[in-house]
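To start, the structure under review is shown below, and the notes come after it.
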Amino acid sequence: MSTLKDRLTADMRAALKARDELTTSTLRMALAAVGTAEVAGKVKRELTDDEVLAVLTKEAKKRREAATAFGDAGRAEQSAKETAEGDVLERYLPKQLSDEELAELVAGALSAGGFSGKAQLGPAMKAAQAAVAGRAAGGRVAAEVRRQLGL
């Protein structure tokens with residue numbers, strides 16, 4: 001079993017004992033998403049820490065998007081709940097890069113690959129995402145790549 005999954009399970013049990021309903025329900029949801037990812041495909045398998053991190057990143061993104069949608073619809077209470085769940089998931093994600101650090105990593109990836117122009121946007125994005133390694137949202141990375149390519 002992966003150590004991140006073990007940590008999620010241990011933290012969920014601690015939250016359950018402490019009667020912290022928000023953390024308990026959020027971690028149960030996250031562990032359910034990990035379990036779903038483990039049985040996806042033809043054979044059940046244990047996920048690596050990186051794969052568990054990818055699942056948590058996706059779940060945190062869902063929470064941010066849902067909070068925005070509920071806020072726009074005037075449902076402040078539900079928006080606050082989604083935001084709180086996202087905050088719980090953020091504890092398990094790597095620290096996000098600052099704008100300067102992101103620009104530096106993207107510049108390094110673009111110069112290493114020799115990317116320039118709109119035709120090479122796809123390969124440039126792939127290289128930039130690999131350099132960033134989940135420490136920044138995809139939209140931020142895409143905007144920085146476009147800015148540096150002059151698009």
Side-chain angles (χ1 to χ4, degrees), residues 1-110 112-113 121-148:
M1 195 186 281
S2 69
T3 55
L4 183 54
K5 186 177 172 186
D6 289 338
R7 187 171 148 218
L8 287 169
T9 304
D11 289 354
M12 186 200 62
R13 287 185 182 143
L16 190 61
K17 288 178 183 175
R19 298 190 188 280
D20 182 351
E21 292 179 22
L22 174 70
T23 304
T24 302
S25 66
T26 303
L27 293 181
R28 275 187 178 150
M29 173 271 312
L31 286 167
V34 170
T36 301
E38 287 178 336
V39 297
K42 296 182 186 229
V43 180
K44 182 178 193 250
R45 63 188 182 87
E46 291 289 329
L47 297 180
T48 65
D49 272 355
D50 289 339
E51 292 169 325
V52 171
L53 197 59
V55 170
L56 291 178
T57 302
K58 190 181 299 184
E59 291 298 319
K61 181 181 179 190
K62 285 181 190 177
R63 298 297 161 273
R64 283 192 304 272
E65 290 172 352
T68 302
F70 283 127
D72 292 346
R75 297 180 61 189
E77 186 177 309
Q78 191 66 28
S79 176
K81 180 179 183 275
E82 294 289 339
T83 301
E85 287 179 356
D87 291 343
V88 170
L89 293 174
E90 292 291 330
R91 297 182 210 159
Y92 300 94
L93 300 176
K95 182 182 162 288
Q96 296 293 299
L97 295 172
S98 69
D99 290 338
E100 296 81 27
E101 293 169 324
L102 178 61
E104 188 177 306
L105 282 174
V106 169
L110 294 180
L121 181 62
M125 274 299 298
K126 188 173 183 179
Q129 287 286 19
V132 170
R135 294 177 290 164
R140 286 182 61 209
V141 176
E144 184 62 29
V145 168
R146 285 190 181 97
R147 186 187 70 76
Q148 290 192 20

Which donor-acceptor pairs under 3.5 Å do side chains of residues 30-38 form with protein atoms, sequence neighbours excluded?
from	atom 1	to	atom 2	distance (Å)
Thr36	OG1	Ala32	O	2.9
Glu38	OE1	Lys5	NZ	3.0
Glu38	OE2	Lys5	NZ	2.9

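- Between Thr23 and Arg91 there is a side-chain heavy-atom pair separated by less than 4.5 Å.
- Shortest non-hydrogen contact noted between Ala128 and Val145 is CB-CG2, 3.6 Å.
- Rounding to the nearest 0.5 Å gives a distance of 11.0 Å between CG of Leu105 and CG of Leu110.
- Closest non-hydrogen pair, Glu46 versus Glu51, comes out as O-OE1, 4.3 Å.
- For residues 73-84, every residue pair satisfying the salt bridge (Lys or Arg N to Asp or Glu O under 4.0 Å) rule, not counting sequence neighbours, is listed here: Arg63-Glu82, Lys81-Glu85.
- Contact annotation: the side chain of Thr26 never approaches that of Glu59 to less than 4.5 Å [non-hydrogen atoms, C-beta and beyond].
- Minimum heavy-atom separation, Glu144 to Ala103: OE2-CB, 3.4 Å.
- Every side-chain contact (heavy atoms from CB on, under 4.5 Å) that Pro94 has, sequence neighbours left out, goes to Leu53, Arg135.
- Residues meeting the side-chain contact (heavy atoms from CB on, under 4.5 Å) test with Gln129, sequence neighbours left out: Met125, Val141.
- Atom CZ of residue Arg28 and atom CG of residue Leu8 lie 13.5 Å apart, to the nearest 0.5 angstrom.
- Formation of a donor-acceptor pair under 3.5 Å by the Glu90 side chain with backbone atoms of Ala60 is not found in this model.
- The side chain to side chain donor-acceptor pair (under 3.5 Å) contacts involving residues 94-104 comprise Ser98-Glu100, Ser98-Glu101, Asp99-Arg140, where partners must be two or more places apart or lie in separate chains.
- Counting only heavy atoms from C-beta outward, the side chains of Lys61 and Lys58 never approach each other to under 4.5 Å.
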Give every donor-acceptor pair under 3.5 Å between a side-chain atom in residues 65-74 and any protein atom, sequence neighbours left out.
from	atom 1	to	atom 2	distance (Å)
Thr68	OG1	Arg64	O	3.0

